[in-house]
Amino acid sequence: RLSLVVSEMCIRDRSYTRTHTYQATHVADESNGTRWMAADTDSSPFITVDLKEIRKVGECQLYFTRPTEGHTWRLEKSIDGKHWQMCAEQGKVQVCSPHIAKEIGETRYLRLHIRRGDAGLWEWKIYE
């Protein structure tokens, strides 16, 4: 698996007086006890990963939260983080886990737009 760098966020659940962190780094920690979630107010949720260098990506496995509700998504890639190219898409709602994108090609950055379905990921696995 490839290593990645992602952004973070934290939400406090006051009804249980504990803190839930939905950090983007959770998508790569291989733990079923953590996840990344977009903010509830985000009308166009996406998450971006930085592979730290240009790599050839063969496959992405997307483990969405609430997979039985189905998801649609669009995956983009970029060499420089400024110019983006679509490299995979799930246009119809599909119920499965994981969702798989293949033959991504050379890239440094990947950006996943969640178009329909719960805006969160348990895990994002990226393979050469």
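Here, residue 1 is the first one in the sequence, and each next residue gets the next number. Computed over heavy atoms, backbone and side chain alike; hydrogens, waters and symmetry mates excluded.
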Side chains of Glu76 and Gln85, heavy atoms from C-beta outward: is any pair under 4.5 Å?
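Sidechains of Gln85 and Glu76: no contact.
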Compare all side-chain heavy atoms of Val49 with those of Ile126 and state whether any distance is below 4.5 angstrom.
yes
Which heavy-atom pair separates [X] from [Y] by the least distance, and what is that distance?
| X | Y | value |
| --- | --- | --- |
| Gly117 | His71 | CA-CD2, 3.6 Å |
| Lys77 | Gly105 | NZ-CA, 4.0 Å |
| Ser78 | Thr107 | O-OG1, 2.9 Å |
| Val93 | Gly70 | CG1-CA, 3.7 Å |
| Cys87 | Ile104 | SG-CG2, 3.8 Å |
| Ile79 | Tyr109 | O-CE1, 3.8 Å |

Should the pair His113 and Phe46 be assigned to parallel (<30°), tilted (30 to 60°) or perpendicular (>60°) ring geometry?
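Correct class here is tilted.
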Under a 4.0 Å threshold between the charged nitrogen and the carboxylate oxygen, would Glu106 count as salt-bridged to Arg55?
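The answer is no: the pair does not qualify as a salt bridge.
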Salt bridge or not between Arg108 and Asp50? Use side-chain N to carboxylate O under 4.0 Å.
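Yes.
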Leu62 and its side chain to side chain contact (heavy atoms under 4.5 Å, CB included) partner, picked from Lys125, Glu123, His99
His99
From [atom1] ([X]) to [atom2] ([Y]), nearest 0.5 Å:
| X | Y | atom1 | atom2 | value |
| --- | --- | --- | --- | --- |
| Ile114 | Ser44 | CD1 | OG | 11.5 Å |
| Trp122 | Met37 | CH2 | CE | 8.5 Å |
| Leu112 | Ile47 | CG | CD1 | 7.5 Å |
| Glu103 | Lys56 | CD | NZ | 8.5 Å |

Within the side chain of [X], is there an N or O that forms a donor-acceptor pair under 3.5 Å with the backbone of [Y]?
| X | Y | value |
| --- | --- | --- |
| Ser97 | Tyr63 | no |
| Asp80 | Lys82 | yes |
| Glu59 | Gln61 | no |

Can you list the steps and then say if Arg116 with Glu69 is a salt bridge (Lys or Arg N to Asp or Glu O under 4.0 Å)?
CA-CA 9 Å; Arg116 287 193 58 194; Glu69 294 177 10; over 6 Å; no
Stepwise side-chain contact (heavy atoms from CB on, under 4.5 Å) check, Gln90 with Arg115
CA-CA 9 Å; Gln90 177 60 50; Arg115 300 165 102 187; over 6 Å; no
Looking at Arg111, I want to see if its CZ is surrounded by more than 12 non-hydrogen atoms of other residues, nucleotides or ligands under 6.0 Å.
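More than 12 within 6.0 Å, yes.
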Evaluate the criterion side-chain contact (heavy atoms from CB on, under 4.5 Å) for residue pair Leu110 and Cys60; output intermediate values, then yes/no.
CA-CA 10 Å; Leu110 290 166; Cys60 289; 3.8 Å; yes
